[in-house]
Amino acid sequence: MALAAISSKPRHSFQTDDKALEPIAAKVQAGERLSYEDGLALYRTGDILALGWMANLVRERLHGDVTYFNVNRHINPTNVCVASCRLCAFGRKKGEADTYTMALEEAWQTAGEGLTEAVTEFHIVGGLHPDLPFEYFMDLVAGLKQRYPQVHVKAFTMVEIAFLAKIAKLSIAETIDRMKAAGVDSCPGGGAEIFADRVRHIICDHKIDGSEWLETARLVHKAGLRSNATMLYGHIENEEDRVDHMLKLRAIQDETGGFQTFIPLSFHPDHTALQHLPKSTGMLDIRQIAVGRLLLDNFAHIKSYWQMVTPKMAQIALRFGADDIDGTVIEEKIYHDAGASTPQGLRRRDLERLITEAGRVPFERDTLYRQVTRSETTFTVAV
Ligand code: V47
């Protein structure tokens, strides 16, 4: 699926001493699709600046200097989870000391606490709770819509949708229809981790497998909802697993066109069952953004999620292929439980400053990438 380009003028010419990059650069300049082997060569090159040049070329072709952010609030209704993923420091078994589950009133009230900056999106992700009924989740969304009808509800990962279908004894398609009826507007990209079975069995063995994740995404798109796609990197996966993961996403996107954004998530090991693993490094974070931009030629957006990689790295990523740094977030739990040292939220003006100082142009978007215009107390979305 071709994406519309807004600019095609490279700022400088391409140079590298890495012979393996030359044919890849020719393809990138001609707008041709990269192969599995090209993906591996991009991970293996020592010439990070040449890699960045190519990714930036694609980024500027699609978006010029425009850089997207949004004003959003995360809501994690419960940390009780049946899955016990080794990668996760957030989930707790039922009965453990520090579990929480928000009463519906509490969740609706928490949602409102972010509205000082006129939030345009609620991002809702939580544990797979063994006892909460399906209706809890539908009432949660319907109650939010009733109280904050102007706010886009981006809720439930593919993993949660499959779990909800199981507890409601519905098909995946029926579950998505019920979510839509309750007020879900789109879905977040979590739970994808790494699709390769070998890795998935170790980091998240009780989750749906990679093909179920992809099939659920296909059904979400078929039902007319957009979604995002993530990839968790920097743990026990290798370069082949990462390329395989991205090419599987690319194949679904060719079919549905329903993914909006690719978000590489850098693994935080603290307080997880994998805490012996070293943390990701700046070079890997930057390389991952660039490889994602180059392989996922049918994804409009590549997000460098500042919570994951720090605001400073997210800013640098805007020159290595990223065009989005996510949002204000307000209260992040999943990475902070896993040792993230970033702030739990940023103000709108902080995001604008990060973008402007990277020499880019801030563009406040809603979840569907439409421009948001603000007055003192409210916002409007260009439709
Ligand atoms: O699926 C869990 C990851 C994801 C850890 O769609 C961890 O706009 C690192 O998907 N270290 C949930 N990562 C978050 C997510 C997301 C975030 C921001 C924006 C969007 C979007 C989606 O977080 C999980 C898992 O892959 N995760 N534990 C950890 N220790």
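Counting begins at 1 with the first residue of the sequence. Atoms within each ligand, like the ligands themselves, are counted from 1 in listed order. These numbers come from the heavy atoms of this one structure, side chains and all, not from hydrogens, waters or symmetry mates.
Nearest to atom 16 (C) of ligand 1 among the protein's heavy atoms is His123 CE1, 3.9 Å. Ranking protein heavy atoms by distance to atom 15 (C) of ligand 1, first place goes to Tyr335 OH, 3.7 Å. Counting only heavy atoms of the protein, atom 8 (O) of ligand 1 lies nearest to Lys154 NZ, 2.6 Å. Nearest protein neighbour of atom 1 (O) of ligand 1, counting heavy atoms only, is Gly191 N, 2.6 Å. Nearest non-hydrogen protein atom to atom 26 (O) of ligand 1 is Glu193 OE1, 2.4 Å. Protein heavy atom nearest atom 10 (O) of ligand 1, with residue, atom name and distance: Gly190 CA, 2.9 Å.
Assignment of Ala89 to the shell around ligand 1 is not supported, since no heavy atom sits closer than 4.0 Å. Residue contact check for ligand 1: Ser266 places a non-hydrogen atom closer than 4.0 Å to it. At a 4.0 Å cut-off, not a single heavy atom of His271 sits close enough to ligand 1 to count as contact.
Within the 4.0 Å heavy-atom criterion, the part of Ile334 lying near ligand 1 is the side chain and not the backbone. Contact annotation: for Tyr305 versus ligand 1, heavy atoms closer than 4.0 Å belong to the side chain alone.
Among the atoms of Ala338, none of the N or O lies under 3.5 angstrom from an N or O of ligand 1. Ligand 1 has no nitrogen or oxygen under 3.5 angstrom from a nitrogen or oxygen of Lys207. Of the N or O atoms in Gly189, one or more lie within a sub-3.5 Å distance of an N or O in ligand 1. In terms of polar-atom proximity, His74 is not counted as a contact of ligand 1, lacking any N or O under 3.5 Å from an N or O of the ligand. Residue His268 has at least one N or O atom closer than 3.5 Å to an N or O atom of ligand 1.
If you run side-chain contact (heavy atoms from CB on, under 4.5 Å) between Phe363 and each of Thr67, Asp65, Val66, only Val66 comes through. Under the salt bridge (Lys or Arg N to Asp or Glu O under 4.0 Å) test applied with Glu255, the options Arg218, Lys222, Lys248 reduce to a single match, Arg218.
Using cut-offs of 30° and 60° on the angle between ring planes, the pair His74 and Tyr305 is parallel.
For the pair Arg250 and Phe299, the cation-pi test (distance below 6.0 Å, angle within 45°) is failed.
Here His301 and His63 bring their ring centres to under 6.0 angstrom of each other. Separation of the His152 and Phe122 ring centroids does not fall under the 6.0 Å cut-off.
Looking at Lys93 and Ser84, their side chains do bring a donor and an acceptor atom within 3.5 Å of each other. If you check the side chains of His221 and Ser227, you find a donor sitting under 3.5 Å from an acceptor.
Using a 4.5 Å heavy-atom threshold, the side chains of Glu240 and Asp244 count as separate. Side-chain contact check for Tyr369 versus Gln260: some heavy-atom pair is nearer than 4.5 Å.
Taking each of Thr272, Leu87, Thr367 in turn, the one with a heavy atom nearest to atom 29 (C) of ligand 1 proves to be Leu87.
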